[in-house]
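A short worksheet on the structure shown next.
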Amino acid sequence: MKRIGVFTSGGDAPGMNAAIRAVVRAGTAQGLEVVGIRRGYQGMIDGDFIELGPRDVANTLQRGGTVLLTARSKEFMTPEGRAKAAQNLRDAGISGVVCIGGDGSYRGALKLVEEHHIPIVGAPGTIDNDLYGTDYTIGFDTAVNTALDAIDRIRDTAASHERVFFIEVMGRHAGFIALEVGIAGGAEVIVLPEDPTSAHMCAQVIEASAGKGKKSSIVVVAEGGYEGGAEALARDVKLCSGIEGRVTVLGHIQRGGSPTAIDRVLASRLGAACVDALLAGASGVAIGEVNDEIRLTPFKEAVEKRKDINRRKYELAKTLAL
Ligand code: ATP
């Protein structure tokens with residue numbers, strides 16, 4: 001293997017640049033040429049490739065987003081699109097690829113491996129932390145800290161005005177962000193897709209909190225924790241109990257920003273481990289970190305198995321909301 005490609009795909013996540021930089025520098029250190037594939041799978045189909053040397057990734061470690069850009073590609077979902085992408089890789093002399101993205105990106109990579117036998121390894125780049133085979137994904141820690149900063153600010157207002165706030169954080173299918181910021185932000189209620197709560201139950205907890213002398217309450221709602229999100233939950237809580245709450249949907253601010261030290265270190269380590277894995281002959285595997293050790297998980301397993309939230313942490317959150 002002399003020449004490898006690297007690309008980012010799906011939703012951007014803080015730390016993707018640190019991962020790209022690690023692939024470029026660890027690859028160069030091992031005598032490889034590294035090619036950046038722009039705009040994810042779409043760039044692979046369009047042949048949007050750029051040579052990347054160690055200096056080309058200077059000053060990117062601390063930047064959010066992805067310097068290689070990212071995209072969602074419908075064309076890649078077709079066998080014809082994938083054949084075109086594979087041919088472009090071969091024509092560019094690329095004999096190994098690092099894919100940085102979420103579960104959709106892994107699914108695409110798996111198809112490319114199976115149909116065209118191109119060695120691909122993946123690094124988990126998604127703020128949602130919903131990938132099996134790694135304790136944490138690249139971008140999760142930053143997203144949690146960004147959301148937490150917002151919650152701290154909202155709590156100042158909630159406490160001053162003695163109000164109830166419903167704060168929606170990202171997480172359509174997984175409540176990792178909500179659970180983490182809920183505990184760190186001292187939420188009275190955390191609403192997760194893994195354990196849906198009714199408006200009635202939510203109202204009961206808020207009322208009980210008020211009964212215990214709390215003058216304000218924070219309800220952290222994962223996008224997928226309640227049908228219609230925080231807006232709908234606030235509306236239904238009002239309908240069933242009369243409790244009036246303010247709603248803040250944090251949305252895309254959770255995606256951007258400079259990655260935390262934790263995300264930079266994770267991304268650096270996983271990016272370099274991807275190069276090592278390719279050179280060792282690995283393909284069709286996701287590289288993760290489990291208990292501080294590098295772990296290789298087949299793409300199939302990484303996308304099919306579900307990583308559950310830490311139920312003990314969830315119980316702790318309830319206990320501490322006393
Ligand atoms: P995030 O979790 O941040 O949304 P993701 O990697 O899951 O990131 P997706 O939009 O699901 O993001 O996937 C990225 C791209 O991967 C898609 O636009 C598509 O081109 C490709 N892809 C996803 N699923 C498949 C599939 N089953 N077969 C082929 N390609 C796929």
Side-chain angles (χ1 to χ4, degrees), residues 5-17 19-20 37-48 64-66 68-86 88-89 97-116 118 120-134 136-144 146-147 169-178 193 222-224 251-257 259 263 266-267 270 274 284 286-288 297-307:
V6 56
F7 69 100
T8 49
S9 170
D12 62 300
M16 280 183 158
N17 288 325
I20 295 166
I37 301 159
R38 288 158 37 102
R39 297 190 176 80
Y41 289 118
Q42 196 53 47
M44 211 180 267
I45 292 170
D46 299 337
D48 193 355
T66 160
L68 283 178
L69 309 175
T70 182
R72 293 197 156 91
S73 171
K74 284 220 173 82
E75 203 178 343
F76 191 80
M77 307 287 277
T78 67
E80 297 76 25
R82 293 193 290 275
K84 215 160 142 190
N88 283 337
L89 292 173
V97 180
V98 176
C99 159
I100 305 164
D103 69 319
S105 303
Y106 281 3
R107 282 177 210 278
L110 179 60
K111 291 231 165 102
L112 212 52
V113 171
E114 285 175 350
E115 294 169 1
H116 300 281
I118 292 171
I120 307 183
V121 299
T126 171
I127 63 167
D128 294 328
N129 199 32
D130 58 348
L131 281 173
Y132 181 83
T134 190
Y136 297 104
T137 57
I138 297 165
F140 172 67
D141 186 64
T142 308
V144 165
T146 304
V169 299
M170 281 193 171
R172 247 172 292 160
H173 308 291
F176 293 100
I177 295 179
E223 267 174 300
H252 278 87
I253 66 157
Q254 293 161 93
R255 268 197 195 283
D263 273 332
L266 178 68
L270 295 183
C274 282
I287 312 295
T297 305
F299 279 142
K300 204 167 153 42
E301 212 178 314
V303 298
E304 282 175 1
K305 285 197 177 163
R306 190 176 164 86
K307 183 165 78 180

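In each ligand, atom 1 is the first atom listed, and ligand 1 is the first ligand listed.
The contact shell of ligand 1, taken as protein residues with any non-hydrogen atom closer than 4.0 angstrom, comprises Ser9, Gly10, Gly11, Tyr41, Arg72, Ser73, Phe76, Met77, Arg82, Gly102, Asp103, Gly104, Ser105, Arg107, Gly108, Lys111, Thr126.
Proximity of a side-chain donor or acceptor of Thr126 to a complementary backbone N or O of Gly139 within less than 3.5 Å is not detected.
His116 meets the side-chain contact (heavy atoms from CB on, under 4.5 Å) test with Arg82, Ala83, Ala86, Arg90, Leu112, Ile118; sequence neighbours excluded. Shown here are the side-chain contact (heavy atoms from CB on, under 4.5 Å) partners of Arg306, two or more places apart in sequence or in another chain: Glu194. Taking the side-chain contact (heavy atoms from CB on, under 4.5 Å) definition, one finds that Ala267 meets it with Ala18, Ala19, Ile138, sequence neighbours left out.
Atom CZ of Phe7 and atom CG of Asp48 lie 13.0 Å apart (nearest 0.5 Å). To the nearest 0.5 Å, the span separating CD1 on Ile127 from CG on Asp12 amounts to 8.0 Å.
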